[in-house]
Number of protein chains: 2
Amino acid sequence: MTQTLRDPLSKRRLKAWLRLLNVTRQSENHLREFLRVNHATTLPRFDVMAALWRRREGLTMSELSRALLVSNGNATAVVDRLEREGLVLRTPVEKDRRTVQATLTEAGIRQFESMAAAHENEVNTLFHRLDAEDLDQLRAILQKAVAEPE
Amino acid sequence: MTQTLRDPLSKRRLKAWLRLLNVTRQSENHLREFLRVNHATTLPRFDVMAALWRRREGLTMSELSRALLVSNGNATAVVDRLEREGLVLRTPVEKDRRTVQATLTEAGIRQFESMAAAHENEVNTLFHRLDAEDLDQLRAILQKAVAEPE
DNA sequence: CCTCATAATTTCAAGTTTAAAACTTTAATG
DNA sequence: CATTAAAGTTTTAAACTTGAAATTATGAGG
């Protein structure tokens, strides 16, 4: 209360950001450990496979890096490794020979689906204290935070 | 509405987590770019310096890695580079010769303080759409999310 | 057809990050 | 005192990540 008065909004936004970062890192660390121990994989691999699973027709490398908010060099490296293991396939696009379509192979689909439910369950456990109202509020706040125009 | 009925809480938690991750990564990317362009430094360096600036008496390497939620090997590497540049100092601790106290040097303090206000301002801009009520709600939700006991 | 700006991807070097192993020191226990 | 378990740190290898440069392809305008 008095805190609200002493503390300018700017400092409160900074603190909120630090808290957000903290919760996100804790959760990421937990899920990384979960994927490593239970499914012998890593977070970036899982993220790439999840993105490709959602769009079964595939994604170009640029679409992939934009979707995951990582650099294109990064996407190349992770897809390289997944391709080497036969989980992802690069297909040249006839219409535009600059681009490549990355898709999950059959093995990739099988592997991802064998992890997806357990992963969702782990996230569910991780955030089990948040009820429907919390989730609604959180969504509203996060959407507001990244809204485009002013 | 019907969505709420069709969608079990588990799926909503998963979506909330993906949104949280997305907002955090967007913000991290923005701040990384900001630090690179305006202050010729990186996010991990900034994080380490911020942690050491808060506790002027210094932190052991373990305390540092726990505070930043990174591995101890990671802390070692970042501190190594900062030490090489004269921004951080490692001091052996007499009481326990296993531990090292990492502190900011004078130059480190000067450099951090020259960045801190601009960084806070950037975060303030980034989250300017969130008002006091949003920040309160967000804090409550994040605290609830990571609460210890059941 | 040629040129040039742009786009998609990869390559590259440097830095970041993790998990596990190695090393040193401490503390406890017999 | 010797042994052993635990704690703090560093080292190591592999993976991840970025930003910039290089490569290849497209498309527009001369």
Side-chain angles (χ1 to χ4, degrees), chain A residues 21 24-26 28-49 58-85 87-102, chain B residues 21 24-26 28-49 58-85 87-102:
Chain A
L21 197 51
T24 302
R25 286 195 182 159
Q26 270 187 244
E28 273 191 321
N29 287 347
H30 180 98
L31 292 173
R32 174 183 299 116
E33 169 84 358
F34 169 78
L35 289 174
R36 182 177 62 81
V37 170
N38 297 71
H39 298 280
T41 191
T42 66
L43 218 35
R45 283 161 122 92
F46 183 85
D47 288 345
V48 166
M49 294 181 78
L59 290 167
T60 68
M61 297 304 289
S62 294
E63 289 171 336
L64 187 57
S65 61
R66 272 194 298 272
L68 302 181
L69 300 176
V70 300
S71 69
N72 39 10
N74 182 0
T76 295
V78 178
V79 167
D80 278 351
R81 281 184 283 269
L82 289 173
E83 197 178 24
R84 225 178 294 132
E85 296 173 24
L87 300 169
V88 165
L89 194 66
R90 275 185 175 95
T91 314
V93 174
E94 320 121 33
K95 303 268 297 185
D96 185 342
R97 296 217 306 276
R98 292 171 300 180
T99 66
V100 191
Q101 201 80 359
Chain B
L21 197 51
T24 302
R25 285 194 183 160
Q26 270 187 245
E28 273 192 320
N29 287 348
H30 181 98
L31 292 173
R32 175 183 298 115
E33 170 84 358
F34 169 77
L35 289 174
R36 182 177 62 83
V37 171
N38 297 71
H39 298 280
T41 192
T42 66
L43 217 37
R45 283 160 122 93
F46 184 84
D47 288 345
V48 166
M49 294 181 77
L59 290 166
T60 69
M61 298 303 291
S62 294
E63 288 171 337
L64 187 58
S65 61
R66 272 194 298 271
L68 303 181
L69 299 176
V70 300
S71 70
N72 38 11
N74 181 359
T76 294
V78 178
V79 167
D80 278 352
R81 281 183 281 270
L82 290 172
E83 196 177 25
R84 227 179 291 133
E85 296 173 24
L87 300 169
V88 164
L89 194 65
R90 275 185 176 95
T91 315
V93 174
E94 320 122 32
K95 302 268 297 186
D96 185 342
R97 295 216 308 274
R98 291 171 302 181
T99 66
V100 191
Q101 202 80 0

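In what follows, every chain begins at residue 1, and chains take the letters A, B, ... in the order their sequences are listed.
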CD-OG1 distance between E63(B) and T99(B), expressed to the nearest 0.5 angstrom: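 Between atom CD of E63(B) and atom OG1 of T99(B) there are 8.5 Å.
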
Does L35(A) reach the side chain of T42(A), with side-chain heavy atoms less than 4.5 Å apart?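 They are not in contact (no side-chain heavy atoms under 4.5 Å apart), so the answer is no.
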
Would a 4.5 Å heavy-atom cut-off, applied to side chains only, mark Q101(B) and L59(B) as touching?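 Of all side-chain heavy-atom pairs linking L59(B) with Q101(B), none is under 4.5 Å.
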
Does [X] have any side-chain hydrogen bond (donor to acceptor under 3.5 Å, both in side chains) partners at least two apart in sequence or in another chain, and if so, which?
X: T24(B); answer: T24(A)
X: E33(A); answer: R36(A)
X: D96(A); answer: R98(A)

Minimum heavy-atom separation for M49(B) and L82(B), please, with both atom names.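 So the minimum-distance heavy-atom pair works out to CG-CD1, 4.1 Å.
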
Which heavy atom of V78(B) sits nearest to which heavy atom of V48(B), and what is that distance?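 Taking every non-hydrogen atom into account, CG1-CG2, 3.6 Å.
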
In residues 68-80 of chain B, which ones come under 4.0 Å of DNA chain D, going by heavy atoms?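 Result for residues 68-80 of chain B: N72(B), G73(B), T76(B), sorted by number.
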
Do any of residues 31-44 of chain A sit with a heavy atom less than 4.0 Å from DNA chain D, and if so which?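 Under 4.0 Å from DNA chain D: T42(A), P44(A).
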
Taking only residues two or more places apart in sequence or in another chain, which ones pass ring-ring contact (aromatic ring centres under 6.0 Å, His included) with F34(B)?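 For F34(B), the residues satisfying ring-ring contact (aromatic ring centres under 6.0 Å, His included) (neighbours in sequence not counted) are H39(B).
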
At the 4.0 Å heavy-atom cut-off to chain A, mark where contacts on DNA chain D begin and end, going 5' to 3'.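 The contacted stretch runs from dA15(D) to dT26(D).
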
Mind checking what makes side chain to side chain contact (heavy atoms under 4.5 Å, CB included) contact with N72(B), not counting sequence neighbours?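 Checked N72(B) against side chain to side chain contact (heavy atoms under 4.5 Å, CB included); matches are S65(B).
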
Listing request: all side chain to side chain donor-acceptor pair (under 3.5 Å) pairs with a residue in residues 73-82 of chain A, at least two apart in sequence or in separate chains.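 Passing the test, one end in residues 73-82 of chain A: D80(A)-R90(A).
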
Of all nucleotides in DNA chain C that come within under 4.0 Å of a heavy atom of chain B, which is furthest toward the 5' end and which toward the 3' end?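 First-to-last contact on DNA chain C, by the 4.0 Å heavy-atom rule, is dG15(C) to dT26(C).
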
Taking salt bridge (charged side-chain N to carboxylate O under 4.0 Å, His left out) as the definition, give me every residue that meets it alongside R25(B), ordered by chain and number, with sequence neighbours left out.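 R25(B): salt bridge (charged side-chain N to carboxylate O under 4.0 Å, His left out) contacts with E28(A), D47(A).
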
Of all of residues 87-102 of chain B, which get a heavy atom below 4.0 angstrom from DNA chain C, listed by number?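 Those residues whose heavy atoms fall under 4.0 Å from DNA chain C, taken from residues 87-102 of chain B in numerical order, are D96(B), R97(B), R98(B).
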
Would you sort out whether T60(B) and V100(B) count as a side-chain contact (heavy atoms from CB on, under 4.5 Å), showing the intermediate values? CA-CA 5 Å; T60(B) 69; V100(B) 191; over 6 Å; no

Would you please test R66(A) and M61(A) for side-chain contact (heavy atoms from CB on, under 4.5 Å) and show each step? CA-CA 9 Å; R66(A) 272 194 298 272; M61(A) 297 304 289; over 6 Å; no

